[in-house]
Amino acid sequence: MNVSDTEVVWSILKSAGFENTNSISEADIVLIVTCAIRENAENKIWERLTYLKGRKRARTKRPLKIGILGCMAERLKHSLIEKEKAVDLVAGPDSYRDLPRLLALTENNQTAVNVLLSLDETYADVVPVRLNEDSVSAFVSIMRGCDNMCTYCIVPFTRGRERSRPIDSIVKEIQKLSDEGVKEITLLGQNVNSYRDTSQESFSLGNETKMAKGFKTVYKTKKGGLRFADLLDKVSLIDPDMRIRFTSPHPKDFPDEMLQLISERSNICSHLHLPAQSGNSKVLERMRRGYTRESYLELVNHVYDIIPDVALSSDFICGFCGETEEEFQDTLTLIREVKYSSTFLFAYSMREKTTAHRRYKDDVPSEIKLRRLSEMNQAFREVVAEKNETFHGKVQLVLVEGRSKRSDKFLAGRNDGNVKVIFPSIDIPVEFQSKTTSVIKPGDYVSVKITGSSSQVLKGEPLYHSSIPDFNKNLCEQMGLNHCKLSL
Ligand code: 5AD
Ligand code: SF4
């Protein structure tokens, strides 16, 4: 999310005539895009700020200005300026368009603040400037904010209410990325699959939102608008050789038509992030997640039924207010049962303003949180190591990202399920059964036979260059599969 915000900020500043530099000594102003979701994330920013304040004091000729942008700016507002005298500019996540004006104020040695949250800002017309133009993948922001109010989470307070970017502006941006040769896009939003474009009158007449069985929300069912499945449908038709991913979804918004679409379209990756947060129904209730362990598992099984080869990932928090040892054991059993391909594991950190801050006590000692964190990690590693072994002997389509970090002789990429795949950098046939060979470059799709694995990566031998439609056609023909993703 911060990468995407930085790209929007940079686009706005570039249009206003600003230049960027990688060197602090050349800079007139340093802007830090921040996250406030956990204490750790904020601590890193405080450390950075202390360092920058030192650089600012040490400057003798040109002054150095410091600006804090994003969620931490929203959360700490004036205290950042009053207590941290060195901060010259504070801009919340909905104020980036105002940055040229705010920066002009700092030139006159004024402190500039804009932390107003908006009901409709989506930066729809701002074409983000990609920070890493060589990357084969790009992020596309499709909605902002969150209406869910999980009791532990600060996001609804720092990023405001849910609002979606009109479908046409998303399609236009993705078409442009495809024309530039980008091979994979990740649709981004705090609740990406709660997407609802009501920008055109004719969209507003639709039926009400269908939720997964056993799921509920704190807000009234929303009616009308073009939904995430409509967006996925349109976006996946832009370029059949461009992979579509999305993050971060909420498990409540996975209607059958969306799952069906994912199972049918070969360029929509069979990878779903289903953030469970806990495996215990009582903890889930205290977290106000709107589902029980049982309904979550029912959804998982339903997803496996419709998309049998799906790779699942999840977020988990340990040590939430009042979490007993027994309740925590349910999280471990869920991690083992679902067999995720990847997980993001966190120790709970209490955030001011949240319902948990008002209603509950942060009563799990930090050493117990850390022990539980390492137990979650261990449970996940054991299961994923076994899961990765099931790939041995199978052929995977890999989008090549670049050289492996460990050795120049190897390349790294990802399979459809977003698992990292490492393989030797050698010349291979230009396509299936061809005699001509060519080098493998970043951005190529390569069919790779998996020969080994660890809990973190798959290892394999590259076979031939391919494309998403060709790979699926070949695979289906070779295996005589009935269930075959549609080649567009
Ligand atoms: N403490 C720890 N983890 C948190 N997350 C959100 N709020 C907190 C918190 N207060 C985690 C959740 C969420 C991910 C983005 O961050 O797991 O899905
Ligand atoms: Fe936070 Fe819950 Fe919204 Fe996710 S769904 S951003 S965890 S409040």
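One-based numbering, in listed order, for ligands and for the atoms of each. Note: hydrogens, waters and symmetry copies are ignored here, and every other heavy atom, side chains too, is used.
- Taking atom 16 (O) of ligand 1 as the reference point, the nearest protein heavy-atom neighbour is R38 NH1, 2.6 Å.
- For the 3.5 Å distance criterion, the side chains of N193 and D253 fail to qualify, holding no donor opposite an acceptor.
- At a threshold of 4.0 Å, the pair D197-K234 does not count as salt-bridged, since none of the basic side-chain nitrogens sits closer than that to a carboxylate oxygen.
- At a heavy-atom distance under 4.0 Å, only backbone atoms of A347 (N, CA, C or O) approach ligand 1.
- For the pair R286 and F320, the cation-pi criterion (under 6.0 Å, within 45° of the ring axis) is not fulfilled.
- Take F344 and apply the ring pair (Phe, Tyr, Trp, His ring centres under 6.0 Å) test, not counting sequence neighbours, and it matches H273.
- For the residue pair S4 and L188, the shortest heavy atom distance occurs at CB-CD1, 3.4 Å.
- Ring planes of F254 and F246: tilted class, angle from 30 to 60°.
- For atom 2 (Fe) of ligand 2, protein N, O or S atoms closer than 2.8 Å were enumerated as C150 SG, with waters left out.
- Ligand 1 lies out of reach of P275, whose nearest heavy atom is not under 4.0 Å from it.
- Residue-ligand proximity, I317 to ligand 1, at heavy-atom distances under 4.0 Å covers atoms 3 (N), 4 (C), 5 (N), 12 (C), 17 (O).
- Residue-ligand proximity, I37 to ligand 1, at heavy-atom distances under 4.0 Å covers atoms 6 (C), 7 (N), 8 (C), 9 (C), 10 (N), 15 (C), 16 (O).
- The existence of a salt bridge linking D239 and K183 is excluded, since no basic side-chain nitrogen approaches an acidic carboxylate oxygen closer than 4.0 Å.
- The nearest heavy-atom contact from the protein to atom 14 (C) of ligand 1 is D315 OD2, 3.5 Å.
- Taking the six-membered ring where the residue is Trp, Y291 and F215 present tilted rings, their angle falling between 30° and 60°.
- The ligand atoms of ligand 1 that sit less than 4.0 angstrom from a heavy atom of Q277 are 12 (C), 13 (C), 17 (O), 18 (O).
- Close N/O approach between S349 and ligand 1 is found [any backbone or side-chain N/O within under 3.5 Å].
- Using a 4.0 Å cut-off between charged side-chain N and carboxylate O, R371 and E367 make no salt bridge.
- Listed here is the closest heavy atom pair of S270 and I307: OG-CG2, 3.8 Å.
- In Y152, the parts holding a heavy atom less than 4.0 Å from any atom of ligand 1 are both the side chain and the backbone.
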